[in-house]
Amino acid sequence: MTLLSDLATPLVMGVLLGGLYAVIALGLSLVFGVVKEINIAHGDLVILGSYFGYVAMTVLGIDPILSLVIGMPILFGIGFVIQKYLLNRAFKISVDATLIIAFGISIILQNTYQLLWTPLSRGLTTSYALASFSAGPIHVPLTYLLDFIVAIIVMLLLRTFLMKTYLGKAIRAAAQDRKAAHLMGINTDQVYACTFGISAVLAAVAGIFLGLTFSFTPVSGMSFLLIALGIVVLGGIGSIVGTFVGGIAFGLAQTLGGYSLGLAAQMLVAYVMVLVVLALIPRGIFGR
Amino acid sequence: MTEDMLLKISHVDAFHGSFQALWDVSLTVKPGEIVAIIGANGAGKSTLLDTISGLVHPAKGSIEFEGKIISTMEPFQVVGLGISQTPEGRRIFSDLTVLENLIIRSYNRRARPEREDNLQRVYQFFPVLDERKSQMAKTLSGGEQQMLAIGRGLMSNPRLMLLDEMSLGLAPIVVNELYKVLREIRDRGITILFVEQNVRRSLNEADRAYIMEAGRVILSGNAAELREEERVKKAYFGT
């Protein structure tokens, strides 16, 4: 009974944290699955979202969540332009070229953040960010619960968008068969630019809730990219449900690993799990 | 003379990387014709269709459609002008429903206003697609998938349909059915250019034919005449 009640908090935290991880990984998975690019700068776009919330909060005095109304369209524009004018052209040379360009974007973003906001650690410390809730033996920060709810909403919206709209169907078609998509009269360059834009919108949302949950620095993007990559591999590329399940598995491995082996072992446990899954089911849990 | 050509390909060279797949290919299609491109594997037939569709841009020569140069256009622009290709291997979107597969091809400016009419026309040609419209496309049989692929080709409201190896891997009875529909499609005023390995079948179905070998057009003419041509008989009918 004591073991169970001791385990209850890390279990619940792991699942809830998995929601945040899933939102962070969703944009990466989308671009990976549709455009077949590994966007190394995805973590940095997420952190851009975090800084956006930071500026909204400290300079404009707006709640970071409300700032998404402006943040999402701006991130969409940035993502659209990156794909349309850089990556689409690079892709025609080779997939490797897109990797290098994304790496370059990552470095440019990180240095820009350092210039604008110094290397200091920042956080979106709103009043509710510090609150927590308790249920029986479980004590969890309120933001974790918020992360999870947001994750479910974001995934349902993304799924509906991909299923119901023309652009969503065109994105799915282009993901399944590039040549056939061309022959359907789909302007694939435009579709890819929109896909990247949507991925950046997801990064904007992830950035806000990341900032409410953790503190961040200009280089935090890289560590969250690594988590997101692990989740995409776990869940299967391009699958929304897979990303969600992968996120939860990753969150659980981290909190339970931390609980039993100490905080230092968190990432070790999570990545050992990624490697084991990769060895047993190379396409990921929900991969095709 | 040029004015009444629907499609005019003049002296086209095309490459796959460093491999030259087409050498000085010229070909014309008049409105209302059924024209066949015949040849063995690797003769350049599919590359020729891809070059018309804008997937491959010619290194030399030009392609005109209704008097407009299309050889520098992107595939979606070519579709918008009224050329639709049904590629080899069908390439339907297996994880989209039958209806989604059809609708996705109707978003260009030509096709959008006539989507409902085109959809009804497709269902008329292939009633089975109407019955299965909400099924995932991967659940269809091979023949039904080919019907979907052809039906999808009609959804972009084309003036010219390009069909690549549509009878590949299908039972003769299904193939007969498909060619019957093809003739009906032509009767509705849509011109057809198709690629086929089966020489006898092609020369029976087409008005005219081009025979390709190693990236070049080696023989062309009236289908009935080609059937009697000694070289064709020798090379393809083994008599």
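Given the structure is predicted, the values throughout are model-derived calculations rather than measurements. Convention: sequence-line order gives letters A, B, ...; per-chain numbering from 1.
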Hey, could you give me the [atom1]/[atom2] distance between [X] and [Y], rounded to the nearest 0.5 Å?
X	Y	atom1	atom2	value
B:I104	A:Y166	CD1	OH	6.0 Å
A:L167	B:Y107	CG	OH	10.0 Å
A:D189	B:F76	CG	CZ	8.0 Å

Closest non-hydrogen atom pair, [X] against [Y]:
X	Y	result
A:A180	B:R91	CB-O, 3.5 Å
A:M184	B:F93	CG-CE1, 3.6 Å
B:V79	A:L183	CG2-O, 3.4 Å
B:E100	A:K169	OE2-CE, 3.4 Å

Top contributor to chain B contacts, counting heavy-atom pairs under 4.5 Å, from A:K179, A:Q190, A:M163: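 Of the candidates given, the most pairs with chain B belong to A:K179.
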Positive for side-chain contact (heavy atoms from CB on, under 4.5 Å) with A:H182, one of B:P75, B:P87, B:S53: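 Result for side-chain contact (heavy atoms from CB on, under 4.5 Å) with A:H182: B:P75.
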Pick from B:M155, B:R105, B:R152 with the largest number of heavy-atom pairs that fall under 4.5 Å of chain A: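 Ranked by contacts with chain A, first place is B:R105.
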Residue part contacting chain A, namely of B:S106, when any heavy atom lies under 4.5 Å: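 Neither part.
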B:L55, part contacting chain A, at a heavy-atom distance under 4.5 Å: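 It is the side chain, since no backbone atom gets that close.
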Side chain to side chain contact (heavy atoms under 4.5 Å, CB included) between B:D95 and A:R172, worked out: CA-CA 8 Å; B:D95 290 338; A:R172 280 156 63 212; 5.8 Å; no
More than 12 heavy atoms from other groups under 6.0 Å of CZ on A:F161: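 Yes, the 6.0 Å shell around CZ holds more than 12 heavy atoms from other groups.
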